[in-house]
Amino acid sequence: MTLASLFWFIVPPLFFVAAAVAYYVMTGPKNDTRG
Amino acid sequence: MSLYMSFGLYLLVLVSIGVVAYGRSHSLEDFVLAGRRLGAWVVAISAKASDMSGWLLLGLPGQAFAGGVSIVWAAIGCTVGTFFNWTVLAGRLRRYSELLRAITIPDFLESRFGGQAGVPIRIISLAVVVVFFTLYIAAQFKAAGKTVSVTFDMSYHQAVIVSASVIILYTMLGGFFAVAWTDLIQGLLMVVVVVILPIIGLISLGGFAKTADAVLKAGPDMLSVSGGKMGWELWVSLIIGNLAWALGYPGQPHILVRYMAIKKPEELRKASLISVVWVVLALWGAMCVGLIGVGILGPAGLSDPETVLVVLAQEFFPGWLAGIAISAMAAAIMSTVDSQILVLTSAAVEDFYRRLINRAAPDSLALILSRTITLAIGVLAIIVTWNSESGVFRFVQYAWGGLAAGFGPVLIMSLRWRRTTGWGAAAGMAVGLLTVIIWHNVPALAGLVWELVPAFLLSLLAIVVVSWLTGPPGDDVIEQFERSLQ
């Protein structure tokens, strides 16, 4: 119960780091349409 | 004794960086923007260290100590704001400002729109910068004075003089180079301390489950992100009130100029990753410091919850290392205030003196003037801070809201909406500024919701409505907008 309630405390940082990595990969040279 | 030596060494490193950076500042662009020659790591960490003030190591752990994990909404707000700035604004601002040869935010806004609205835009920008950065800098000096005096057994006034002198000295000598490099060291110091301290605490408490049990002894809602609140209290006061910090990010010139200072715009994607990882480690680490603190010391273990980091550092670290941990607290404050002093200096020299009084002023004169004004701002802030030790975070919240509403909506729209007109921009800034001041000073409104939220929305609305009413921008402005996208 106690550790389960920490779920919403732990998920946001993991989400943000995953989003930052995804942004980094998606905007990489191969995906840059401006050339 | 080793505590004092660690802190002394830290101050010495800062001043040394100032001396080295002195040799690199040859023009006003060097002094206020490091000549756009910084790398991804320096820009990324400097942007975050300038953003996170004393709140990171004093306020946030203190709030987690007193109220548990429900303060996570403020951390989420700050991370969303960080993410938004890097992905939506940073690249455009870097390219567009270089295209317009703008070295400050007011400079960028005036050049972006030009025409008759340029002068009102510059004057409103200057008003926002002067009013809210003066408040912000004075609040940071107060925080530095409080922290250093409590830790090192000095009087408040001695502590203000020591910390302010070091900040003024390295900023005056090395300008943006010194501020950015010291930010890098200070940012790394801050994050290392808030990551290591909770890990040691967790081990000493016997692991996750035992730590959670110890924290729950302080209150049944300590591990609940709703904090046991419901209805208006939960959704408006706790969640929206704290997430609103995100709205402030697009309007903070001391953070935004970092994006303009990177050497290559392509480096911004790497910087954004470094920055988001840093902010996640720093914010969640700082909250864990507070939670571990309440687990170890108990809810009545501290008279002032904001001292939790100092107390834990002294408990777990040997003297010299505790000195370094405490230096990190000073670092959080110093890395913010140095950047803000520099924005105020650039506003006085570039936006006021060079643009409105003496357009032909040579770089050598502008550089001497910048150093003199940096010194003057520092001395003025010490005088403002001298007779008052209270009100640190209240000032910060007001200043954050004022800058957010004055600059945020207009910067977003000027970078992302080609149809924005000069008069739309000027109207948006004026509406944002006035709403913040009026809302903050009318008790019936101030109690309803933080002034930042209505001011931001009204400013956005004013930009759109007035832009539509004042006709499309000229072809030259549209052409420049298109070039900034390339």
Side-chain angles (χ1 to χ4, degrees), chain A, chain B residues 40 44 64 68-73 75-84 86-88 90-91 95 207-217 220-226 228 243 265-266 268-285 287-288 291 485-486:
Chain A
M1 159 61 195
T2 52
L3 285 178
S5 65
L6 275 176
F7 180 78
W8 293 110
F9 179 69
I10 296 164
V11 164
L14 299 176
F15 169 78
F16 287 124
V17 171
V21 172
Y23 176 78
Y24 179 79
V25 173
M26 277 161 48
T27 53
K30 279 184 186 171
N31 295 301
D32 191 348
T33 51
R34 287 187 309 242
Chain B
V69 300
S70 63
I71 193 61
V72 74
W73 297 105
I76 294 173
C78 291
T79 317
V80 168
T82 301
F83 202 75
F84 179 88
W86 283 106
T87 53
V88 179
R95 290 191 180 89
F208 283 104
K210 285 184 180 167
T211 303
D213 290 340
V215 174
L216 277 175
K217 281 183 189 154
D221 298 314
M222 289 294 282
L223 294 181
S224 156
V225 290
S226 68
L243 288 180
E266 304 79 52
L268 283 167
R269 59 186 272 274
K270 183 175 161 192
S272 70
L273 181 59
I274 298 166
S275 209
V276 172
V277 171
W278 187 96
V279 82
V280 163
L281 289 174
L283 290 170
W284 269 263
M287 288 186 287
C288 287
L291 294 173
L485 304 180
Q486 288 160 15

Engineer: Measuring heavy-atom distances to chain B, does A:Tyr23 have an atom under 4.5 Å in its side chain, in its backbone, in both, or in neither?
Structural biologist: side chain
Engineer: If you count heavy-atom pairs within less than 4.5 Å of chain A, which of B:Val279, B:Val280, B:Val215 leads?
Structural biologist: B:Val280
Engineer: State, yes or no, whether a side-chain contact exists between B:Trp284 and A:Pro12 at a heavy-atom distance under 4.5 Å.
Structural biologist: yes
Engineer: Side chain, backbone, both or neither: which part of B:Ser224 has a non-hydrogen atom closer than 4.5 Å to chain A?
Structural biologist: neither
Engineer: Give, for atom OH of A:Tyr24 and atom CG of B:Leu273, the distance between the pair rounded to the nearest 0.5 Å.
Structural biologist: 7.0 Å
Engineer: How long is the straight-line distance from OG1 of B:Thr211 back to CG of A:Leu6, given to the nearest 0.5 Å?
Structural biologist: 10.0 Å
Engineer: Is B:Ile71 in contact with chain A via its backbone, its side chain, both, or neither, using a 4.5 Å heavy-atom distance?
Structural biologist: neither
Engineer: Mind listing the closest non-hydrogen atom pair of A:Gly28 and B:Arg269 along with its distance?
Structural biologist: CA-NH2, 3.2 Å
Engineer: How far does CZ of A:Phe9 sit from OG of B:Ser70, to the nearest 0.5 angstrom?
Structural biologist: 10.5 Å
